[in-house]
Amino acid sequence: MEDKKNKHPKVGLALSGGSALGIAHIGVIKCLMEHNIPIDCVAGTSAGAIAAVCVAFDVPIPKMIEMSKGLSWTNISEFGHSKMGLNSNRPMGEIIEDMVGYHAKIEDAHIPLAIIATNIDTGEEVVFHKGDVAEAVMASTCLPAFFVPVKARRRKLVDGGLVENLPLSPLKNMGAQIKIGVDLSRFRTYKKAHNIIDVITNSYSILTKPQSAIAPGQVDVLIEPHLEKFNTSDFGKVNELMEEGHRAAELMMPQIKKLMAGSACEKKGFFQKIICFFKGKNADE
């Protein structure tokens with residue numbers, strides 16, 4: 001598939017989970033915008049789901065930063081009154097509603113959007129392509145045991161990182177021709193456990209790391225921010241996390257632009273391809 005103006009290959013962006021490390025996604029998004037890289041579809045898991053919603057609903061970068069500076073484990077949680085978990089993450093849903101509107105629907109996004117969650121009763125992956133945005137994000141960010149599972153579509157749902165932390169498969173299903181993945185787990189480290197949050201987040205990171213392996217051909221460009229000096233509770237380090245995300249995206253920009261140019265040349269005729277080759281630039285120019 002191509003975009004409506006038929007001027008560039010369809011670009012998909014996959015954003016992984018990582019709790020506070022997800023703030024690095026803002027730096028990546030900012031870099032892509034600065035280089036005028038179009039995003040035609042987006043998929044997100046856990047913290048990546050929040051960033052994916054921002055991309056799909058055209059939330060301005062300053063608003064993303066403002067939202068991120070207000071995040072912490074305490075203000076995205078409230079006592080859950082349940083044997084299924086310590087807290088409810090309903091406040092997370094309210095933050096999403098503040099950004100994109102009360103009862104906003106996934107299908108109302110400006111570009112196709114996929115949000116990943118896990119059915120805790122069956123272990124199956126659940127991909128939201130429609131329905132309430134806040135509910136889907138609550139499900140995708142529902143850290144097991146710390147948060148009560150989110151009941152949606154007659155299922156009990158928790159964090160999507162258990163099944164697909166870097167959500168590349170939805171991009172393929174949405175017709176992406178160039179798949180860009182942002183993996184926050186490549187250089188992550190673990191925080192010495194001091195409380196139940198540390199125990200749960202470290203356990204979760206250890207459990208999900210094996211399924212983060214990426215098979216050849218799954219992704220065209222992999223952006224891997226150097227986040228080894230941060231941990232999943234570093235909500236207060238917004239600027240530093242953004243800088244690392246931006247730096248990692250900038251390093252991959254030549255590869256992204258080369259792919260964009262190559263795909264554009266593939267659509268041209270024989271002589272146009274020759275011209276494109278010698279010019280070394282996008283054949284639309």
Side-chain angles (χ1 to χ4, degrees), residues 8-52 54-56 111-116 125 127 140 159-189 205-230 232 240-264:
H8 69 259
K10 190 171 185 178
V11 179
L13 179 66
L15 303 174
S16 76
S19 299
L21 304 181
I23 296 169
H25 287 314
I26 302 175
V28 173
I29 294 164
K30 185 173 184 290
C31 184
L32 293 173
M33 292 175 64
E34 289 170 351
H35 287 273
N36 297 312
I37 303 300
I39 302 301
D40 301 296
C41 58
V42 61
T45 296
S46 197
I50 302 170
C54 290
V55 172
I111 61 173
L113 167 64
I115 296 173
I116 315 304
E125 181 172 355
V127 182
S140 187
D159 200 301
L162 290 172
V163 286
E164 191 171 12
N165 195 46
L166 181 59
L168 294 167
S169 64
L171 296 187
K172 181 179 179 180
N173 296 335
M174 289 189 284
Q177 294 169 295
I178 295 177
K179 298 180 288 295
I180 301 172
V182 184
D183 185 5
L184 305 179
S185 67
R186 175 68 172 84
F187 300 105
R188 75 188 304 171
T189 55
S205 298
I206 294 166
L207 285 168
T208 58
K209 194 170 183 64
Q211 63 90 2
S212 296
I214 299 168
Q218 272 190 298
V219 65
D220 298 297
V221 179
L222 187 60
I223 297 172
E224 300 175 298
H226 277 268
L227 304 177
E228 53 266 43
K229 63 182 178 180
F230 305 99
T232 55
E240 298 97 319
L241 285 163
M242 282 183 55
E243 286 172 7
E244 290 299 334
H246 191 282
R247 184 178 295 113
E250 194 70 54
L251 286 172
M252 301 307 295
M253 201 53 61
Q255 184 178 339
I256 294 172
K257 291 184 176 180
K258 183 178 180 180
L259 280 170
M260 296 284 291
S263 295

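Count residues from 1 along the sequence.
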Between Ile111 and Leu113, is there a side-chain heavy-atom distance shorter than 4.5 Å?
no

Please name the pair of heavy atoms, one in Ala114 and one in Val127, separated by the smallest distance, quoted to 0.1 Å.
CB-CG1, 3.9 Å

Going by side chain to side chain donor-acceptor pair (under 3.5 Å), name the pairs with one or both residues in residues 13-27, residues two or more places apart or in two chains.
none

Should Glu250 and Arg247 count as an ion pair when the cut-off is N to O under 4.0 Å?
no

Only counting residues at least two apart or in another chain, list the ones meeting salt bridge (Lys or Arg N to Asp or Glu O under 4.0 Å) with Glu224.
Arg186

Pick from Thr45, Leu166, Val42: which one makes a side-chain contact (heavy atoms from CB on, under 4.5 Å) with Leu15?
Val42

What's the shortest heavy-atom distance between Pro9 and Gln177, and which atoms?
CA-OE1, 3.1 Å

Look up atom CD1 in Ile178 and atom CG in Leu259, then write down how far apart they are to the nearest 0.5 Å.
5.0 Å

Roughly how far, to the nearest 0.5 Å, is CD1 of Ile37 from CE of Met253?
5.5 Å

State, with a plain yes or no, whether a side-chain heavy atom of Ile256 is found less than 4.5 Å away from one of Val11.
no

Has Lys10 got a side-chain atom pairing as donor or acceptor with Met174's backbone, closer than 3.5 angstrom?
yes

Spacing of CG belonging to Asn36 relative to NZ belonging to Lys257, to within rounding of 0.5 Å:
8.0 Å

Closest heavy-atom pair, Gly181 versus Val219, reported as atoms and distance to 0.1 Å, is N-CG2, 3.5 Å

Non-hydrogen side-chain atoms of Met260 and Pro38 separated by less than 4.5 Å
yes

What one should report as the nearest heavy-atom pair of Ala47 and Gly18 is CB-N, 4.0 Å

Only one of Ser169, Ser46, Pro167 clears side-chain contact (heavy atoms from CB on, under 4.5 Å) with Ile116; which?
Pro167

Nearest 0.5 Å, please: how far is CD in Glu240 from CG in Leu227?
11.5 Å

For the residue pair Ala20 and Leu241, what are the closest heavy atoms and their distance?
O-CD1, 3.4 Å

Tightest non-hydrogen contact, residues Leu168 and Ala14, listed as CD2-CB, 3.8 Å

Val55 versus Leu32: any side-chain heavy-atom pair under 4.5 Å?
no

Expected output: side-chain Asp220 to main-chain Ile180 donor-acceptor under 3.5 Å:
no

